[in-house]
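Here the structure comes first, spelled out in structure tokens, and everything after it is commentary.
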Amino acid sequence: MAYDELTVAVLGPGGTGGLLAALLSRAGHRVVCLAGEETADTLRTAGIRVHSERFGDFTARVEADTTLREPVDVCVVAVKHTSLDAALDRVPPAVLGDGLVVPLLNGVEHPATLRTRYRPDRVAPAVIRVESTRVAPGVIEHGSPFAEVDLTGDGVPRERLDALAEALTAAGPTTRVLPDESAVLWAKMSFLAPFALLTTRHGLPLGDVRTKYREELTALVEETAEVSAACGGPADPGGALARYDGFPPAMKSSMQRDAEAGRPLELDAIGGALLRAAERHGVAVPVTARLVRELRDAGH
Ligand SMILES: NC(=O)c1ccc[n+]([C@@H]2O[C@H](COP(=O)([O-])OP(=O)(O)OC[C@H]3O[C@@H](n4cnc5c(N)ncnc54)[C@H](OP(=O)(O)O)[C@@H]3O)[C@@H](O)[C@H]2O)c1
């Protein structure tokens, strides 16, 4: 699988998926976006328009369909957790065959779900650091000056991961291959969960949360670090707090933006998964449990 010869399906060509689809297509790969009828029609006729300070403004042609009809080298899964089950019906395991399944979703539980459907040794989870928004079908605003991917996958042949990482890096987002899937997923979770839960619960940007709700933030960071450590992930609460302190005060989490827009939240995939892992390992997480309960009580 040479990096200039990939056929890549992208399930859910939104903020993250649409950006990667467009970048890979621009770099010369064959890209097939899998989406609902209307989005697929739009993409087939108009391509994907990207606005990005980092990668430029450009339009990329892509193929688009409502279901996968032939094997591909890689299927990037870039839907939100809330639509994962329905979306996966578009990727029949028998059609995908030997292709890698590369989920970009935040959270820690989806790789196991994917491994019940697809070859376990072809599921290669990735963590993406980016801020990218689907402002309309096929129109992507990449707002962050960064776009980085950590690719992992216990049991996945290393050369398959390396080939994809090479292709992604050449196309735009700097991509590393890292061992230890649990550590990679929990590193992202440890940073994301406190930030997402608190900004959404209080409806305030990070700058206000880290000053007005410092105690809650510190408790959440410590609880999450303990759960992460119990799950084989990193535990660096001081480092997480220092990172929050270094971000612009106006920064919002994507969960908070979803709440503001009235969209379903990835609350179960982040807060729910954290509570389930804590329970499994006997870690007390009273502040996390209260915040998740309050968010659920608020109808999320
Ligand atoms: N956006 C970011 O900056 C960012 C950064 C890091 C991590 N993440 C994570 O990445 C994951 C994806 O987030 P996102 O922001 O890229 O989501 P998004 O912008 O909402 O895009 C999701 C895409 O999935 C499509 N979709 C929904 N249901 C579908 C179905 N049944 N079949 C096929 N396609 C379907 C939507 O189609 P339509 O276009 O037709 O609505 C949309 O294009 C999440 O877990 C998120 O937490 C996102």
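Keep in mind that what you see is a predicted model, and the values were worked out from it rather than measured. Start at 1 and go down the list; that is how both ligands and their atoms are numbered.
Listed by number with element, the atoms of ligand 1 under 4.0 Å from a non-hydrogen atom of E266 are 44 (C), 45 (O), 46 (C), 47 (O). Atoms of ligand 1 lying under 4.0 Å from at least one heavy atom of L104, given by number and element, are 9 (C), 10 (O). Each of the following atoms of ligand 1 lies closer than 4.0 Å to a heavy atom of E131: 3 (O).
Of the candidates G12, C33, A40, A86, it is G12 that places a heavy atom closest to atom 23 (C) of ligand 1. Proximity annotation for atom 30 (C) of ligand 1: of A21, A87, G36, A126, A87 comes nearest, heavy atoms only. With G14, A78, A269 as candidates, the residue nearest to atom 43 (O) of ligand 1 on a non-hydrogen basis is G14.
Ligand 1 has a nitrogen or oxygen under 3.5 angstrom from a nitrogen or oxygen of G15. The N/O atoms of S254, backbone and side chain alike, include none that comes under 3.5 Å of an N/O atom in ligand 1.
Taking the charged nitrogens against the carboxylate oxygens, R160 and D98 do have a contact shorter than 4.0 Å, which makes a salt bridge.
Assignment of S132 to the shell around ligand 1 is supported, since a heavy atom sits closer than 4.0 Å. At least one heavy atom of K188 lies less than 4.0 angstrom from ligand 1.
Taking atom 38 (P) of ligand 1 as the reference point, the nearest protein heavy-atom neighbour is R134 NH1, 3.4 Å.
Between H110 and H81, the angle of the ring planes goes over 60°, which puts this pair in the perpendicular group of the 30/60° scheme.
Side-chain atoms of T200 do not come within 3.5 Å of backbone N or O of L197 as any donor-acceptor pair. At least one donor-acceptor pair under 3.5 Å links the side chain of S25 to the backbone N or O of R61.
Residues L161 and L151 come closest through the heavy atom pair O-CD2, 3.5 Å.
Under 4.0 Å from ligand 1, the heavy atoms of R90 that appear belong solely to its side chain.
With respect to L34, the side chain to side chain contact (heavy atoms under 4.5 Å, CB included) criterion is satisfied by exactly one of L68, V10, T39: L68.
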